[in-house]
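Scroll down for the structure; my scribbles are underneath it.
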Amino acid sequence: LEAAASPLDDRLLHNALGTASLCRSTKELDDLSQDEDLLEVELQLFGRLNHIWREQGVLAMIRRLLSSRQVPRRLMERGRGGERALTNLLHLAELLQAESERQDGERGLIAWLRDEIAATERSDNDEHVLRLESDADLVKVITIFKSKGLQYPLVFVPFPCSYKALSESEEFLEFHERDAEGRDIRVMELDGDAEAVKKAQREKLQEQLRLFYVALT
């Protein structure tokens with residue numbers, strides 16, 4: 001949360017990447033400390049997370065973080081303990097979303113969570129711990145990316161209409177175009193005009209429609 005609230009703070013970013021919740025291996029963390037390109041990818045991600053938090057709320061931000069770094073898969077590979085950890089993370093995200101309506105911005109929410117953690121450590125109150133036996137026979141939550149090729153008798157797709165249009169006020173716009181030699185290149189436009197918005201919007205829509213098709217089939 002602190003890294004998403006201050007995405008330009010390298011110290012907070014490194015602290016976040018090293019948390020148990022993100023399930024990074026020692027090798028991955030070592031690679032990040034030595035490869036500036038890998039670190040730049042994480043900086044860009046947390047910049048986007050900051051934007052999502054401000055525009056869509058903390059729940060949407062946490063879900064994007066978990067899915068973009070494959071945290072559900074990493075946790076489930078741990079076995080039974082991973083299932084409980086993932087359920088508790090999602091439950092905590094919902095609690096944060098509900099509390100965000102009563103707190104003053106990102107900093108207020110972080111301060112509230114810090115106080116709650118401290119209070120829990122001083123007591124044996126399990127009020128906020130979600131007890132889980134197993135949801136294996138009830139509901140299976142899966143990303144659309146992971147669902148490709150799978151089939152279920154009943155599927156609930158909760159956010160098919162949550163698409164948000166781009167604008168020139170975005171921190172940066174990302175799209176592809178061909179250079180003078182006909183090669184497909186990736187463009188990140190920091191000072192986007194109407195034409196850049198149009199290109200980025202088209203690519204974003206193409207990707208969203210592709211994922212929607214995967215969910216439907």
Side-chain angles (χ1 to χ4, degrees), residues 1-97 100 106 109-110 113 117 130 132 135 139-150 157-159 162-164 170-172 174 186 188 200 203-204 207-208 210-212 214-215:
L1 291 177
E2 290 177 339
S6 303
L8 299 181
D9 190 319
D10 287 354
R11 181 183 60 83
L12 293 178
L13 175 65
H14 281 286
N15 288 345
L17 296 176
T19 58
S21 297
L22 289 188
C23 307
R24 291 298 184 91
S25 68
T26 304
K27 182 181 185 306
E28 287 176 313
L29 293 174
D30 185 55
D31 290 342
L32 281 167
S33 67
Q34 301 185 45
D35 191 326
E36 291 187 1
D37 290 337
L38 291 176
L39 187 61
E40 181 63 26
V41 170
E42 300 298 335
L43 284 168
Q44 292 176 9
L45 170 63
F46 276 83
R48 292 193 296 271
L49 293 176
N50 178 268
H51 181 73
I52 293 172
W53 191 348
R54 293 173 183 271
E55 296 294 323
Q56 302 178 37
V58 66
L59 177 60
M61 183 274 288
I62 292 176
R63 286 185 175 276
R64 175 65 64 86
L65 173 61
L66 297 181
S67 64
S68 65
R69 289 301 171 258
Q70 300 181 318
V71 173
R73 176 185 62 79
R74 291 170 180 255
L75 285 174
M76 296 305 291
E77 287 175 351
R78 294 180 177 180
R80 186 67 174 272
E83 185 179 15
R84 179 182 294 276
L86 176 58
T87 302
N88 283 341
L89 273 176
L90 295 175
H91 182 53
L92 177 58
E94 292 172 358
L95 287 174
L96 287 168
Q97 180 64 36
S100 67
E106 295 88 352
L109 186 61
I110 291 172
L113 178 59
I117 293 172
L130 186 64
L132 172 71
D135 289 338
V139 176
K140 184 181 291 295
V141 179
I142 188 171
T143 66
I144 297 177
F145 289 99
K146 193 76 172 179
S147 70
K148 188 173 183 179
L150 301 178
V157 184
F159 307 116
S162 61
Y163 180 83
K164 180 177 180 295
E170 303 289 334
E171 293 183 7
F172 64 86
E174 185 175 352
R186 178 187 178 197
M188 295 184 68
E203 284 201 16
K204 181 179 180 181
E207 175 64 10
Q208 294 293 326
R210 185 185 70 80
L211 289 175
F212 187 51
V214 170

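Note that these values count all heavy atoms, side chains included, but never hydrogens, waters or copies made by symmetry. Numbers here are sequence positions counted from 1.
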Taking every heavy atom of Phe46 against every heavy atom of Ala4, the minimum-distance pair comes out as CD2-N, 3.8 Å

Open item on the list: Strictly distance-based, threshold 3.5 Å: is any side-chain N or O of Gln97 a donor or acceptor partner for the main-chain N or O of Val58?
Closed with: yes

Rounded to the nearest 0.5 angstrom, the CZ-CG distance for Arg63 and Leu65 is 12.5 Å

When rounded to the nearest 0.5 Å, the distance separating CD of Glu42 from CG of Leu17 is 5.0 Å

message: Measuring only between side-chain heavy atoms, which start at C-beta, is His14 closer than 4.5 Å to Leu29?
response: no

> So, Glu207 and Lys204, do they make that salt bridge, N to O below 4.0 Å?
Replying inline: no

Heavy-atom closest pair (Val71 atom, Cys23 atom, distance to 0.1 Å) is CG1-SG, 4.4 Å

Result for side chain to side chain contact (heavy atoms under 4.5 Å, CB included) between Leu43 and one of Asp10, Asp9, Leu38 points to Asp10

| said: For Arg64, I'd like to know if atom CZ has over 12 heavy atoms of other residues, nucleotides or ligands within 6.0 Å. | reply: no

CG of Leu32 to CG of Asp37, rounded to nearest 0.5 Å, is 11.0 Å

Q) With side chains defined as the heavy atoms from C-beta onward, is the minimum distance between Leu150 and Ile142 less than 4.5 Å? A) yes

Look only at the side chain of Ser6 and the backbone of Ala3, and say whether a donor-acceptor pair between them is shorter than 3.5 Å.
no

Interatomic distance, CZ@Phe159 vs CD@Gln56, rounded to 0.5 Å, equals 10.0 Å

Separation between CD (Glu40) and CG (Leu45), nearest 0.5 Å, reads 11.5 Å

Margin query: Does atom CD (Glu77) have a neighbourhood of more than 12 heavy atoms from anything else shown, all under 6.0 Å?
Written below: yes

So NE2 of His91 and CG of Leu95: to nearest 0.5 Å the spacing works out to 4.5 Å

Taking the side chain as every heavy atom from C-beta outward, state whether Ile62 and Leu89 have any pair of such atoms under 4.5 Å apart.
no

All heavy atoms of Leu1 vs all of Leu113, minimum pair found to be CD1-CD2, 3.5 Å

Are any side-chain N or O atoms of Glu106 and backbone N or O atoms of Ala5, one a donor and one an acceptor, separated by less than 3.5 Å?
no

Minimal heavy-atom distance between Arg24 and Arg74, with the atoms involved, is CA-NH1, 4.1 Å

